[in-house]
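As structure tokens, the structure follows; a few thoughts come after it.
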There are 2 protein chains.
Amino acid sequence: MARWEPDAGGRLARAALDLYIEHGFERTTVAEIAERAGLTERTFFRYFADKREVLFDGSSLLERTVVESIGAAPDDAGPLDAVGPAVVRAGAVLDERREHARRRATVVAANQSLQERELLKMAALTEAAAEALRGRGVDDLPARLAAATGVAAFSAAFARWVAQDAAAPTPMAEHVREALAALDGLTAASARRAAVV
Amino acid sequence: MARWEPDAGGRLARAALDLYIEHGFERTTVAEIAERAGLTERTFFRYFADKREVLFDGSSLLERTVVESIGAAPDDAGPLDAVGPAVVRAGAVLDERREHARRRATVVAANQSLQERELLKMAALTEAAAEALRGRGVDDLPARLAAATGVAAFSAAFARWVAQDAAAPTPMAEHVREALAALDGLTAASARRAAVV
DNA sequence: GCCGTTGATGTCAGCGCCTGTCATCAGGAT
DNA sequence: ATCCTGATGACAGGCGCTGACATCAACGGC
């Protein structure tokens with residue numbers, strides 16, 4: 001027989017999300033989370049670096065997905081052509097956990113310090129994508145910019161995916177494709193204008 | 001005669017930056033900052049929301065510059081054509097305070113929580129730019145994307161501006177122009193590829 | 001000139017986040 | 001049987017940050 005109840009980290013993460021939704025992030029103490037999970041505050045901090053990080057367990061999966069997808073792009077694909085499908089695949093990952101992702105998003109949207117942490121995760125995702133592009137021989141500056149552009153499309157798509165309130169919501173992956181298409185439209189308009197002038 | 005020494009906020013901000021550089025952000029307490037400024041800890045928190053915010057006093061100036069510049073763009077300018085010059089002007093603002101900006105950047109680069117705050121300010125800048133674009137009649141999605149793209153160019157330029165270590169450094173505004181040019185190159189390559197396929 | 005108001009600052013108490021350190025103790029290895 | 005390992009608990013303490021109240025020079029109306 002196991003000495004302790006299994007999956008302490010998972011129990012903590014679930015208790016935290018539930019309490020953040022019930023009472024709000026700031027009005028929830030780490031001691032309360034630990035108590036609901038049947039553990040102590042000290043143990044919480046052995047599993048998660050801080051009170052915010054408990055909501056960001058899945059971000060490494062997004063990062064892996066994007067990096068692998070960039071690596072799997074055809075050799076002759078340009079930076080943007082490698083990043084686009086990668087963020088679409090990342091969007092599909094969120095579709096698989098739609099309910100959890102949306103619950104989590106409502107909590108994050110209600111608290112500035114959580115938004116900061118989310119931005120840091122997006123920045124890490126951007127940096128990982130840029131590194132994957134450099135690994136394909138892309139120069140530093142275009143790699144940074146292509147990565148940032150792709151993540152911007154992902155983020156804009158995420159905002160709209162979360163905001164929609166339909167019975168049959170449009171999948172996140174589709175939102176990402178729309179954002180990428182809008183991006184194409186933007187640059188095409190700019191290029192046309194430059195050509196005219 | 002004034003009852004107190006003038007410019008309490010400025011004294012606090014200078015003391016904070018100096019101490020963050022001397023001892024590091026985490027190893028500096030708010031009480032130490034206040035003491036150096038000849039004030040108390042409680043007064044520090046009357047001027048700045050938290051220990052990090054004291055480094056981000058100038059961000060509202062960047063935001064105003066970008067918003068005004070977008071508003072001043074020709075009526076027929078596309079979203080990207082309005083955002084590009086705006087972030088170049090924002091870059092010029094940093095050039096005017098080069099030494100301060102670089103000292104500040106080294107502190108921020110050394111601490112994760114400061115990077116989070118910086119990302120939040122960049123997100124606020126992005127949102128302000130998007131709002132300015134919507135005010136020009138641009139739809140929500142392209143406004144978000146154009147704003148994010150411009151800020152991405154600004155951020156990439158900033159990273160390279162800070163990293164350079166030359167006697168006669170390239171101005172930030174020039175770095176921003178290069179980043180915008182690289183963006184054009186990226187999208188042009190992608191469009192060419194799309195045309196071939 | 002008196003006096004009430006104003007506003008920047010000080011003082012104090014306290015909560016919650018987070019960390020370092022040591023103790024505990026069931027299960028596995030030798 | 002003994003030792004070791006690793007997850008957990010217990011405790012103390014520092015620091016960030018907040019609320020509440022006190023202080024007191026300057027200012028303005030009278």
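Just so it is clear: chains get the letters A, B, ... in the order the sequence lines come, proteins before strands, and each one is counted from 1.
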query = Taking C-beta and beyond as the side chain, do B/V151 and B/V83 meet within less than 4.5 Å on heavy atoms?
reply = no

message = Within a 6.0 Å radius of atom CZ on B/R98, are there more than 12 heavy atoms belonging to other residues, nucleotides or ligands?
response = yes

inquiry  = What is the distance, to the nearest angstrom, from the CD atom on B/E41 to the P atom on D/dC17?
reply    = 9 Å

note = note: A/W4, atom CH2; C/dC25, atom P; distance rounded to Å ~ 11 Å

ask   = Considering only heavy atoms, which members of residues 42-60 of chain B lie under 4.0 Å from some atom of DNA chain C?
value = B/R42, B/T43, B/R46, B/Y47

Expected list for residues 38-46 of chain B: side-chain donor-acceptor pairs under 3.5 angstrom, two or more places apart:
from: B/T40; atom 1: OG1; to: B/T43; atom 2: OG1; distance (Å): 3.3

task = Run the numbers on B/R104 and B/Y20 for side chain to side chain contact (heavy atoms under 4.5 Å, CB included), then give the verdict.
result = CA-CA 9 Å; B/R104 203 186 136 282; B/Y20 292 168; over 6 Å; no

request  = Could you identify which residues of residues 18-40 of chain A place a heavy atom less than 4.0 Å from some atom of DNA chain C, listed by residue number, or say none?
outcome  = A/T28, A/T29, A/V30

remark   = Scanning both residues in full, the closest heavy-atom pair of A/R160 with B/D140 reads NH2-OD2, 3.2 Å

query = Should the pair B/E118-B/K121 be classified as a salt bridge under the 4.0 Å nitrogen-to-oxygen rule?
reply = no

message = Using whole Å, what does the distance between atom C1' of nucleotide D/dC4 and atom CZ of A/R3 come to?
response = 13 Å

request  = Establish whether B/V88 and B/F158 are linked, either directly or via other cluster members, by ILVMFWY side-chain heavy-atom contacts under 4.5 Å.
outcome  = yes

